[in-house]
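Written out below as structure tokens is the structure these notes cover.
Numbers here are sequence positions counted from 1.
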Amino acid sequence: MSLDMGRVAAAALLVAAYAALCAGIWLRERRRAAQARTEAAALAEARTGAVPLLVGYASQTGHAEEIAHETARLLHAAGEPVRLAALDDIDAALLALTQRALFIASTYGEGDAPDNAAAFWCRCQAGAALLPHLRYGLLALGDRQYAHFCGFGRALDAWLHGAGATPLFARIDMDNANAGALQAWRHQLSQFASLTELPDWQAPTFAAWTLVARRQLNPGSVGAPVVHLELEPPAPTVWEPGDLAEIRVPADPEHPREYSIASIARDGRVHLLVRATTRSDGTPGLASGWLANTQDKGLEIGGAVQMRLRAHPAFRLEGNAAAPIVFIGNGTGLAGLRSHLRARAAAGTGPNWLVFGERNAAHDFLYGDELRGWLASGVLERLDVAFSRDQPQRIHVQDRLAEAADALRDWVERRGAALYVCGSLQGMAQGVDAALRAALGDAQVTALARSGRYRRDVY
Ligand SMILES: Cc1cc2nc3c(=O)[nH]c(=O)nc-3n(C[C@H](O)[C@H](O)[C@H](O)COP(=O)(O)O)c2cc1C
């Protein structure tokens, strides 16, 4: 065999080995996903003979949902009949039946309910409930940096109180991913279920990922630098489009930061889109300054990042895989949309319409070549851009949606499209929501959200 032939054979062997490795991971993850689905179905089903303990969650980015799953899993494993449900799936009839409930509720907007509890909360406000038979425990998730700390959890607590329900223990307020609060919750669970020994809580595990590439996507921008990062896992890892990465930064390890993943598992690397923010005193943001290396002792190429990936069911494809999708976002919100678009480009699914907003086309067209390429190749059937500062009057994505109201109705009503929104809540997502309601009507937008055809990853 010549040297070249030897090389070719060695390369072929390597490719085959890599393909086998990928297939192995894929099969393992598929089995794991199937098992998780079976477990979730079992937990969602009321067991015969006993009124199950209700574990209800209100969650936007999946944190409360993850704790609810773990809570239900532990109680289920300890022999408690459990029913697990998002608050929106809990109605008056179920509450009337339920004698014991545990609620895990995060807060969004300005003290508001997350999207998957909005309909439930509307129903709560509409009529007085009588729940003297109900005893409940409540874990409220929030962040003290917001004015209305744990606002929704507190409001839910007050509403349950008002309805005559009895707290089993004082509400636990959890600031960020505070370990003490989780410990207190675990303690209450063991008391509550009269268990001396609860099975182990599966705490999230962080691993050391390696930064292998970084480049600024908006040189010359009037805004803060936006960097594209590529991180390699210590061992092959899979995730779904829409999922999130949680990062512990050296200067503030107690408060992990969340980023939408901008790539797909097939890329082999997690891509992140990070804006290097500046604090009010002019110093670089603790996490973004480190990741973008705009500060002293920033993260170098080859450096380690403590990271874990988190499922974000609210922003996954779920039932929308075969549907046309309108993706809407601004700034670094493009990250969560790009993971979906890369997946749809790879799978050949569509049609896809992207509405993207930034400041100036000349400097801020993030992933511009890729997006224009997708438009040329048909991955994107339509691309609308709103560069707010390219003309005297400001234009944003919500304005583009208002202009395209007829097309939007056609995509949603005739073609059955789903809507995915990613980016800032203030300004963008609120404005987009208003534009959608103006174009499609309140009732239709609410129904789309309820049925999982309107999904948001907003921050
Ligand atoms: C856009 C946005 C708005 C938020 N608003 C509040 C708030 O008003 N009060 C609060 O305590 N926490 C607020 N938070 C923090 C979340 O409640 C907290 O991160 C929580 O852990 C998220 O849980 P989840 O992943 O289950 O949605 C907000 C977070 C985001 C991203």
Quiz item: Given the rule in the side chain to side chain contact (heavy atoms under 4.5 Å, CB included) test, do L141 and I104 qualify, once you have shown the distances and angles that lead to the verdict?
Solution: CA-CA 7 Å; L141 273 66; I104 299 107; 3.8 Å; yes
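- If you check the side chains of Y136 and D157, you find a donor sitting under 3.5 Å from an acceptor.
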Quiz item: Going through the checks in order, is the salt bridge (Lys or Arg N to Asp or Glu O under 4.0 Å) test met by R310 and D243?
Solution: CA-CA 6 Å; R310 209 178 70 230; D243 286 353; over 6 Å; no
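- Environment of CD in Q125: crowded, with over 12 heavy atoms of neighbouring residues, nucleotides or ligands closer than 6.0 Å.
- Nearest heavy-atom pair across L134 and A101 is CD1-CB, 4.0 Å.
- Between the side chains of Y57 and H69, no donor-acceptor pair is found at a separation under 3.5 Å.
- By the 4.5 Å heavy-atom criterion applied to side chains, C422 and R456 are not counted as neighbours.
- Counted by atom type alone, R248 and H255 present zero donor-acceptor pairs between their side chains at under 3.5 Å.
- Using modelled atom types, no side-chain atom of S339 and backbone atom of A262 make a donor-acceptor pair closer than 3.5 Å.
- A 4.5 Å side-chain heavy-atom check between L380 and W353 finds every atom pair outside the cut-off.
- When side chains are defined from C-beta on, Q191 counts as touching H187, because their heavy atoms get closer than 4.5 Å.
- Of the N and O atoms on the side chains of Y454 and D115, not one donor lies less than 3.5 Å from an acceptor on the other residue.
- When each of L156, V55, L139 is tested with F103 by the rule side chain to side chain contact (heavy atoms under 4.5 Å, CB included), just one qualifies, namely L156.
- E246 and Q306 share no side-chain donor-acceptor pair at under 3.5 Å.
- We find the OG1-CG distance between T349 and L317 to be 7.0 Å, quoted to the nearest 0.5 Å.
- Counting only heavy atoms from C-beta outward, the side chains of V412 and L448 approach each other to under 4.5 Å.
- By the 4.0 Å N-to-carboxylate-O rule, D252 lies close enough to R257 to be salt-bridged with it.
- Residues Y259 and S288 bring no donor and acceptor atom of their side chains to less than 3.5 Å of each other.
- Interatomic distance, OG of S388 versus CD1 of I395, reported as 9.0 Å (0.5 Å rounding).
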Practice problem: Under the side chain to side chain contact (heavy atoms under 4.5 Å, CB included) rule, what do R394 and H396 come out as? Steps first, then yes or no, please. | Solution: CA-CA 7 Å; R394 295 283 160 91; H396 300 287; 3.8 Å; yes
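- Within the 4.5 Å cutoff, side-chain heavy atoms of L53 are placed close to those of L75.
- Smallest separation of non-hydrogen atoms from A435 and L401: CB-CB, 4.2 Å.
- Although no hydrogens or angles enter the test, the distance criterion places no donor-acceptor pair under 3.5 Å between the side chain of W411 and the main chain of N352.
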Quiz item: What do the steps show when you test D384 against R400 for salt bridge (Lys or Arg N to Asp or Glu O under 4.0 Å), and what is the final call?
Solution: CA-CA 7 Å; D384 288 11; R400 290 284 180 249; over 6 Å; no
Self-check item: Audit row: Q398, E403, side-chain hydrogen bond (donor to acceptor under 3.5 Å, both in side chains) steps and yes/no
Solution: CA-CA 9 Å; Q398 53 268 43; E403 288 162 18; over 6 Å; no
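- Ion pairing between a basic and an acidic side chain is recognised when a charged N comes within 4.0 Å of a carboxylate O; D89 and R450 show such pairing.
- No side-chain heavy atom of R100 sits under 4.5 Å from any side-chain heavy atom of L54.
- Listed for the D143 side chain is no donor-acceptor partner under 3.5 Å among the backbone atoms of Y146.
- Applying the side-chain hydrogen bond (donor to acceptor under 3.5 Å, both in side chains) criterion to S451, with sequence neighbours excluded, gives no partner residue.
- Rounding to the nearest 0.5 angstrom, the gap separating the CG atom in N176 from the CD atom in E258 is 8.5 Å.
- The number of heavy-atom neighbours closer than 6.0 Å to CD of E318, taken from other residues, nucleotides and ligands shown, is above 12.
- Taking 4.0 Å as the cut-off between side-chain N and carboxylate O, D364 and R359 do not count as a salt-bridged pair.
- In this structure, CE on M307 lies 10.0 Å from CG on L211, to the nearest 0.5 angstrom.
- Using modelled atom types, one finds no donor on one side chain facing an acceptor on the other under 3.5 Å when comparing H63 with E65.
- Considering F120, W159, Y108, W121 in turn, W121 is the only one that fulfils the ring pair (Phe, Tyr, Trp, His ring centres under 6.0 Å) rule with F152.
- Here the CG-CG distance, from L102 to L168, works out to 7.5 Å after rounding to the nearest 0.5 Å.
- Considering only heavy atoms from C-beta on, Y367 comes within 4.5 Å of L217 through its side chain.
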Exercise. Determine, stepwise, if the pair E66 / R308 fulfils salt bridge (Lys or Arg N to Asp or Glu O under 4.0 Å).
Key: CA-CA 13 Å; E66 190 179 61; R308 74 158 185 130; 3.0 Å; yes
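- Atom CG in N178 sits 7.5 Å away from atom CD in E254 (nearest 0.5 Å).
- For the pair R455 and F315, the NZ or CZ position fails the cation-pi test of under 6.0 Å to the six-membered ring centre and within 45 degrees of the ring normal.
- Residues meeting the side-chain hydrogen bond (donor to acceptor under 3.5 Å, both in side chains) test with R123, sequence neighbours left out: none.
- Residues W185 and T71 bring a donor and an acceptor atom of their side chains to less than 3.5 Å of each other.
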Quiz item: Would S424 and V458 satisfy side chain to side chain contact (heavy atoms under 4.5 Å, CB included), going step by step from the backbone distance to the final call?
Solution: CA-CA 5 Å; S424 55; V458 291; over 6 Å; no
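- Taking the six-membered ring wherever Trp is involved, the centroid distance between the rings of F365 and F387 falls below 6.0 Å.
- Considering only heavy atoms from C-beta on, L383 comes within 4.5 Å of V385 through its side chain.
- Minimum interatomic distance between V238 and A265 (heavy atoms only, all atoms of both residues): CA-CB, 3.9 Å.
- A salt bridge links R415 with E381: at least one charged nitrogen is closer than 4.0 Å to a carboxylate oxygen.
- Side-chain contact, Q444 with E413: a donor N or O sits under 3.5 Å from an acceptor N or O.
- One finds no salt bridge joining R266 and E240 here, because no Lys/Arg side-chain nitrogen approaches an Asp/Glu carboxylate oxygen to under 4.0 Å.
- T98 and R83 form no side-chain donor-acceptor contact under 3.5 Å, judged by distance and modelled atom types alone.
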